[in-house]
Amino acid sequence: MTLTEAPTRHPLLAARGLTRAFGDVVANDGVDFDVLPGEVHALVGENGAGKSTLLKLIYGVHRPDSGRLTVDGAAVSIAGPADALSLGIGMVFQDLRLVPALTVAENVALALPGRLRLDAMARRVAAAAEDYGLAVDPLTRVGHLSIGERQRAEILKVLISGSRVVILDEPTSVLAPQEVAALFDVLRRLRGLGYGVVIVTHKLNEVRAIADRVTVLRGGRVVLGGADPRAHSDAELVEAMVGRAVPPLPADRPAPPPGRAPAVSLRGVGAYGEGGALRLRNVTLDVMPGEIVGVAGVAGSGQRELCEVVCGLRPVAAGVVTAAGAVAEVPEDPLADAVVPGLTVVEHIALGLPGVPRRRFNVDWRRVAGLARELDAAVGLEMAPGHRRVAELSGGNVQRVMLTRALGRDDTALVVAAYPSRGLDVATTRRTQELLLARAAAGAGVLVVSEDLDELISISDRIAVMRGGELAGVVDARGADRQEIGRLMLGGAR
Amino acid sequence: MLVVDILTGGVRGGTAIMFAALGETLAERAGVVNLGTEGCMLVGALGGYAVAAETGNPWLGLLAGALAGAALGLVHAVAVVWRRADQFATGLTLMFLGLGLTSLFGAAYVGKAAPGFDPVPLPLLGDIPIAGEILFRHDPVTYLTFVVAPLLWFTLNRTKAGLLVRAAGERADVLHVHGHSADLVRTAAVTAGAALAGLGGAQLSTAYAHAWFEGMTAGRGFIAVALVIFAAWRPLWVMAGSYLFGAALAVAPALQARGHALNQFALDALPFVITLVFLAVLGRRTLRAAPEELRRVFAR
Ligand SMILES: Nc1ncnc2c1ncn2[C@@H]1O[C@H](COP(=O)(O)OP(=O)(O)OP(=O)(O)O)[C@@H](O)[C@H]1O
Ligand SMILES: [Mg+2]
């Protein structure tokens, strides 16, 4: 890029002074934001900072209370997603908007005006897939695709419907590292073709890997607008997001006490997966009290089945699982498995309490709310207010409720946490890791599944690597060799 | 031959059920259950018969039957889709509404003659031994079903309108994201589906029974709703299933014509017994094929 070229790049999209409140929560407060052609613009900030809200205002899902939008320099009014689409703005939602029972081509056709010609549509999808490097088969039903493929299908849909601004809300939070790399290749290609790309993420290394500019939101306001990420250190960006510095995790911790019975012990365990195929094979593993065992592996290598078997949620098909006591669980997919969207935060906490306080025959909700507040204060993950319905919480705030419920208990012999920091901002991720370390220090065994090798290495004592449903190896986390772990994950030649 | 008689009767008797079941398929693919199908058939049967009697034109009767069914279906759509009323309660209410309306206005037509549809053997095709007798010596309305089922299949799977219907039944929120109204799509699907049920009713009175009498649909509307489930929401399976039920209905007359004395009640119950057996056997498996929005309705 030359210096003389920069000022002539008019924004594809510009938002000025966008404000939107939900009740007394001001989710966006006078936000300025713009997207240039041929750039990847990262939008970062804490959970509840208003990132998704800003995107939804741009995409017409919500109307702003005040502020204006221009597209190609002309003032526009966006009353709904259809308006946004016709202005060339496409959005890939955190929870993808695809119909699982329809094929990829049919899903794309749904987004386009005009008659349905399935053959022509399939060819068009295949051609676009080729052009943009988004490998996905047009005639497969979306329900049969992996999450990464679904995301590619969604991006294709957005591109084929003529969008020049492509907005992605936390696209990487559901992807395995290899899939993230593939997604970033696609985004780079789009940037090269002059598209404007907006991406929300909580990971600084992703900002560094892909973003030309970064905007930081905090409490609904812009604290850093369209800055060059290279001009700021990690610590500066984190401080902009959180409002204070976040110290690193303590490097040294006590070794687990020896000579006690395992918190959970698996001997030759096998289990069937959702489709009836054997997804867990001959796993032998002990988690000792006070020990954190990290589980690494390519997505779908049996991590889910392992967690469910340990928690007693899935029948054991072979072998023996022996647990020393109660288990607290952070589920892999809270929205699908553990959340009742219509219930409030307090009601979710009540579901996890060992005994619910009663007054005569009724649940004593006043006391439950008090307990929830105490729990929140003790755990320190800053849950949303107790009366809020989980359905209206931001993604990261749902995760906080799950974590507070599971990590707030001190009566469990074992904690099973699947992707504990998924969707969490930097400070909350740190706090969560501290909580896991604290549970271990208090004598509980901890099993953590994560896609993030850095996270696993920094908090685990040992790392169990899974491949194709089997335990490919267990390595010491202290001084662990990434290459070695990667080799175990993929099963390549030594 | 007994088997040929039963199969011929199956095609003839299955027609009314097929119209209704295809209509219900359309509604359910859009995510709405219409338990009032029985009521829609009844108003269609009376409307069709009455208009045929008054105008002397059975084709106008068919049209009237479809319109009467559609009118009742529109009531269901407004209540369920726009007012968010409970689908099952509204559907049952609709059934009784149809029953009440038709016994009120139908009394004058009981025993009254009206022009109807008579069998018209198709040239050549009708002369094929056995198959010709079973399939091609029927009234024109029955021939109509030969094209309606494939047509519905084509509409659902190969047209934009059908795509919108399927999307409404699977993920209404996705439809909304693309600027379509799931409410409108559902209203159209339920109304058109009820029109088909009305057509089925009109076939019953003007081509099958050549008469109107109170409650003449005799539970066919409910069989149609059940049939949709065990045909896994697929028009062509609905077609096959309708003939099966038609054949079950044809067993009694075929045996009686041969002088067999059989327990009438047992024979009348046969189609319902078949329905129950199918639902019990296929229950879980078919529910997995159900449109997602519908599963939400069932699994509350
Ligand atoms: N539909 C809604 N009704 C009520 N409040 C809402 C609604 N949508 C968002 N909010 C509130 O607005 C604030 C901003 O939410 P938003 O979803 O924009 O956050 P976010 O930055 O995307 O967070 P995350 O990183 O957790 O996804 C939060 O306090 C949230 O609870
Ligand atoms: Mg968000």
Side-chain angles (χ1 to χ4, degrees), chain A residues 55-56 59-61 78-87 89-122 139 141-143 150 153-154 157-158 160-163 167 169 274-276 341-342 391, chain B residues 25-26 28-32 84 151-186 188-189 228-229 231-235 284-300:
Chain A
L55 304 183
K56 286 176 183 166
Y59 194 59
V61 176
I78 296 181
D83 287 352
L85 277 174
S86 69
L87 289 166
I89 301 167
M91 175 134 166
V92 176
F93 286 86
Q94 223 165 335
D95 48 336
L96 302 177
R97 304 295 156 95
L98 296 165
V99 184
L102 302 182
T103 64
V104 174
E106 284 173 331
N107 268 288
V108 175
L110 212 49
L112 298 178
R115 294 183 47 192
L116 179 68
R117 288 207 186 76
L118 277 182
D119 295 345
M121 183 55 68
L139 295 179
R141 284 187 191 207
V142 167
R150 283 184 206 202
E154 181 91 328
K157 185 171 87 176
V158 163
I160 291 178
S161 56
S163 303
I167 301 171
D169 194 356
E274 223 53 75
Chain B
T25 303
L26 181 57
E28 292 194 11
R29 286 301 281 268
V32 180
R84 309 272 175 220
L151 203 65
L152 182 64
W153 177 88
F154 184 85
T155 308
L156 280 175
N157 292 300
R158 292 289 180 270
T159 69
K160 188 65 175 276
L163 186 62
L164 294 183
V165 167
R166 285 186 289 148
E170 296 284 349
R171 283 285 172 92
D173 56 331
V174 176
L175 208 52
H176 178 72
V177 170
H178 297 306
H180 298 285
S181 160
D183 288 354
L184 273 183
V185 172
R186 286 179 175 161
V228 174
I229 298 173
W233 295 267
R234 298 179 191 196
R284 280 219 160 275
R285 220 173 317 150
T286 51
L287 207 55
R288 223 174 289 152
E292 237 179 280
E293 297 276 345
L294 209 59
R295 238 176 295 165
R296 228 158 281 163
V297 175
F298 281 130
R300 274 175 323 171

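Within every chain, numbering begins at 1; the chains are lettered A, B, ... in the order of the sequence lines, protein sequences first and strands thereafter.
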Comparing B:K160, B:R171, B:E170 against chain A, the one with the most heavy-atom pairs below 4.5 Å turns out to be B:K160
Residue from A:L98, A:D83, A:N107 scoring the most non-hydrogen pairs under 4.5 Å with chain B is A:L98
Turns out that what part of A:L110 lies under 4.5 Å from chain B's heavy atoms comes down to both
**Report entry** Side-chain ion pair, B:R158 and A:D119, N-O less than 4.0 Å
**Finding:** no
Compare all side-chain heavy atoms of A:V158 with those of A:I167 and state whether any distance is below 4.5 angstrom. no
Please walk me through it: do A:L112 and A:M121 pass side chain to side chain contact (heavy atoms under 4.5 Å, CB included)? CA-CA 10 Å; A:L112 298 178; A:M121 183 55 68; 3.5 Å; yes
Taking side chain as C-beta onward, heavy atoms only, is A:V99 less than 4.5 Å from A:V142? no
